[in-house]
Amino acid sequence: MNITICFASLAPEPWVQALQQALPGAQVSAWVPGAPQADHAIVWAPPQQFIDEQSGLKTLFNIGAGVDALLQLKLPPALKVVRLDDAGMSVQMAEYVCHAVIRHFREFDAYDADTQMGKWSYLKPRNRADFAVGVMGLGVLGERVTKALQVFEFPVNGYSRSPKDLPGIRCFSGTQALPQFLQATRVLVNLMPLTPETENMLNQGTLSHLQKGGYVINVARGKHLVEDDLIALIDTGHLAGATLDVFRTEPLPKEHPFWQHPKITVTPHTSARTLREESIAQIVGKIQALQRGEAINGVVDPLRGY
Ligand code: NAP
Ligand code: GLV
């Protein structure tokens with residue numbers, strides 16, 4: 001069995017070594033143009049040339065949860081695309097989102113500003129019931145985030161494509177329910193995959209439905225959000241601010257207004273990082289399952305786009 005590794009912006013060597021150790025019977029190597037045909041590939045945003053040359057591949061293992069970059073390529077219809085299925089990402093996402101929600105709810109930025117001036121002051125405690133958090137996307141990451149938010153007793157709403165029934169979560173599904181979901185939400189967390197249906201879904205029209213003083217946490221993909229619409233809604237006072245981990249252009253260009261906006265917190269696409277050990281263990285388990293002829297989780301439906 002041949003395994004090839006092709007990453008757009010990450011050194012493949014540690015992955016080659018770790019995979020080779022886990023699968024001693026396999027030939028594992030980093031892809032170079034003209035390399036021999038492989039059976040399985042481990043990839044992140046590979047070029048079209050890689051797909052075109054590696055026409056014998058059975059499986060493409062993506063080392064992230066989101067497969068939007070892969071689905072932009074022209075892929076052979078029979079090629080199985082497999083996404084990372086948690087592999088240590090959901091707990092990181094839960095930490096990140098809870099941190100952002102709590103930092104906003106408890107007004108820690110205002111306390112920071114005061115303490116930096118040596119000021120000992122109290123703000124009036126806010127009512128948790130007024131801060132319903134709405135999680136868009138109730139998949140592997142979104143569902144984990146809803147559970148973490150429940151620990152802090154925030155009212156939690158969830159929104160997905162197909163209907164869900166999650167204990168203690170007010171669940172909404174389908175586009176006709178979107179306005180209701182947004183109107184019931186003060187803090188919006190985006191955890192949907194980027195698909196033709198979800199691109200630009202966070203815009204003036206949808207974000208205006210959020211409750212007054214609404215807050216946006218985008219941890220999915222930059223192309224979900226119409227950036228100028230967000231800034232306009234913050235500047236007119238309808239929204240209180242945003243925490244953004246993902247952007248239409250990454251790295252976020254130096255001159256981008258998000259960097260300096262006083263009500264926007266920016267992080268560099270780091271809310272849930274791919275963890276090498278966990279990811280390799282998961283991929284190795286799946287390769288072995290495929291060798292035994294078993295079904296595996298995380299196979300992407302190209303028509304759905306995730
Ligand atoms: P997932 O398991 O595939 O879950 C996706 C969820 O979104 C599902 O609940 C799905 O609904 C819902 N959804 C899809 N299309 C929708 C639509 N048109 N309207 C409403 N809901 C829709 O994905 P995941 O593993 O949770 O990951 C979600 C995304 O997070 C990834 O695609 C990636 O872009 C992003 N991500 C970001 C980072 C980071 O560091 N910033 C890290 C990892 C992942 P159904 O349940 O009905 O199918
Ligand atoms: C990261 O953004 C991922 O999709 O895993």
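First listed ligand is number 1; within each ligand, the first listed atom is number 1. All of these numbers come straight from a predicted model, not from anything done at the bench. All residue numbers in this chain count up from 1 along the given sequence.
Heavy-atom distances between Ala220 and ligand 1 reach below 4.0 Å in at least one pair. For the pair Arg83 and ligand 2, no heavy-atom separation below 4.0 Å is found. Heavy-atom separations between Met89 and ligand 2 include at least one value shorter than 4.0 Å.
Considering both main-chain and side-chain atoms, Ala65 comes within under 3.5 Å of ligand 2 through a nitrogen or oxygen pair. Polar contact with ligand 1: absent for Thr198 (N/O pair, distance under 3.5 Å). Between Ser162 and ligand 1, at least one N/O pair is under 3.5 Å apart. Any N or O atom pair closer than 3.5 Å counts here, and Arg221 shares at least one such pair with ligand 1. Below 3.5 Å of separation, one finds an N or O of Arg83 facing an N or O of ligand 1. For ligand 1, the polar-atom distance check finds an N/O of Gly139 within less than 3.5 Å of one of the ligand's N/O atoms. Considering backbone and side-chain atoms together, Val246 places no N or O closer than 3.5 Å to any N or O of ligand 1. Between Ala272 and ligand 1, at least one N/O pair is under 3.5 Å apart.
Two residues are said to be in side-chain contact when any heavy atoms from C-beta on lie closer than 4.5 Å; His256 and Thr249 fail this criterion. In this structure the side chain of Leu60 never reaches within 4.5 angstrom of the side chain of Gln54, judged on heavy atoms. Contact of the Lys286 side chain with the Val82 side chain is registered, since non-hydrogen atoms from C-beta on lie closer than 4.5 Å. Residues Asp245 and Asn218 form no side-chain contact, since every pair of their non-hydrogen atoms from C-beta on lies 4.5 Å or further apart. In this structure the side chain of Leu230 reaches within 4.5 angstrom of the side chain of Ile264, judged on heavy atoms.
Considering each of Val67, Asp86, Leu191, the one bringing a non-hydrogen atom nearest atom 28 (C) of ligand 1 is Leu191. Comparing heavy-atom distances from atom 12 (C) of ligand 1 across Gly142, Ser271, Gly158, Gly137 singles out Gly137 as nearest. Between atom 46 (O) of ligand 1 and the options Arg304, Lys164, Glu197, the minimum heavy-atom separation is to Lys164.
Scanning the protein heavy atoms around atom 43 (C) of ligand 1, the nearest turns out to be Leu141 CD1, 3.6 Å. Nearest protein neighbour of atom 16 (C) of ligand 1, counting heavy atoms only, is Arg161 CD, 3.7 Å. Nearest to atom 9 (O) of ligand 1 among the protein's heavy atoms is Leu138 N, 2.9 Å. His269 NE2, 3.6 Å is the protein heavy atom nearest to atom 1 (C) of ligand 2. Looking at atom 19 (N) of ligand 1, its nearest protein heavy atom turns out to be Tyr159 CE2, 3.8 Å. Nearest to atom 29 (C) of ligand 1 among the protein's heavy atoms is Met192 O, 3.8 Å. Here the protein heavy atom with the shortest distance to atom 32 (O) of ligand 1 is Pro193 CA, 3.3 Å. Scanning the protein for heavy atoms near atom 10 (C) of ligand 1, the closest one is Tyr306 OH, 3.5 Å. The nearest protein atom to atom 37 (C) of ligand 1, hydrogens excluded, is given as Val219 O, 3.1 Å; this is a heavy-atom distance.
Residue Arg221 approaches ligand 2 through these ligand atoms, each under 4.0 Å from one of its heavy atoms: 1 (C), 2 (O), 3 (C), 4 (O). Listed by number with element, the atoms of ligand 2 under 4.0 angstrom from any heavy atom of Gly64 are 3 (C), 5 (O). Those atoms of ligand 1 with a heavy atom of Met93 less than 4.0 angstrom away are 37 (C), 38 (C), 39 (C), 42 (C). Atoms of ligand 1 lying under 4.0 Å from any heavy atom of His269, numbered from 1 in the order shown and given with element: 39 (C), 40 (O), 41 (N). Atoms of ligand 1 found under 4.0 Å from any heavy atom of Asp245 (numbered from 1 in listed order, with element): 39 (C), 40 (O), 41 (N).
Classification of the Trp120-Tyr122 ring pair by plane angle, with boundaries at 30° and 60°, yields perpendicular.
In Met89, the part holding a heavy atom less than 4.0 Å from any atom of ligand 1 is the side chain. When heavy-atom distances to ligand 1 are checked against a 4.0 Å cut-off, Arg273 has no atom that comes that close, whether in backbone or side chain.
Annotation: Phe7 is not in aromatic contact with Trp44 [ring centroid separation under 6.0 Å not met]. Ring centroids of Phe131 and Phe105 are separated by less than 6.0 Å, placing the two rings close together.
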Practice task
Begin from the C-alpha positions of Asp68 and Arg221 and carry the test salt bridge (Lys or Arg N to Asp or Glu O under 4.0 Å) through to its verdict.
Solution key: CA-CA 9 Å; Asp68 43 289; Arg221 286 291 184 264; 2.9 Å; yes
Exercise for the section: Show your working on side-chain hydrogen bond (donor to acceptor under 3.5 Å, both in side chains) between His104 and Asp109 and close with a plain yes or no. Expected result: CA-CA 8 Å; His104 173 59; Asp109 286 348; over 6 Å; no
Exercise for the section: Could you check Tyr306 against Arg161 for side-chain hydrogen bond (donor to acceptor under 3.5 Å, both in side chains), going step by step and ending with a plain yes or no? Expected result: CA-CA 12 Å; Tyr306 64 101; Arg161 212 165 69 110; 3.0 Å; yes
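With hydrogens and angles disregarded, a donor-acceptor distance shorter than 3.5 Å links the side chain of His238 to the backbone of Ser208. The closest donor-acceptor contact from the side chain of Ser90 to the backbone of Leu141 lies at 3.5 Å or more, if one exists at all.
Cation-pi check for Arg128 over Phe154 is met; the charged atom lies under 6.0 angstrom from the ring centroid and within 45 degrees of its normal.
Residues Arg186 and Asp130 are not paired through a salt bridge, judged by the lack of any N-O separation under 4.0 Å between the basic side chain and the carboxylate. Salt bridge status for Arg126 with Glu107: present, with a side-chain N to carboxylate O gap under 4.0 Å.
More than 12 heavy-atom neighbours from other residues, nucleotides or ligands sit within 6.0 angstrom of CD on Gln37.
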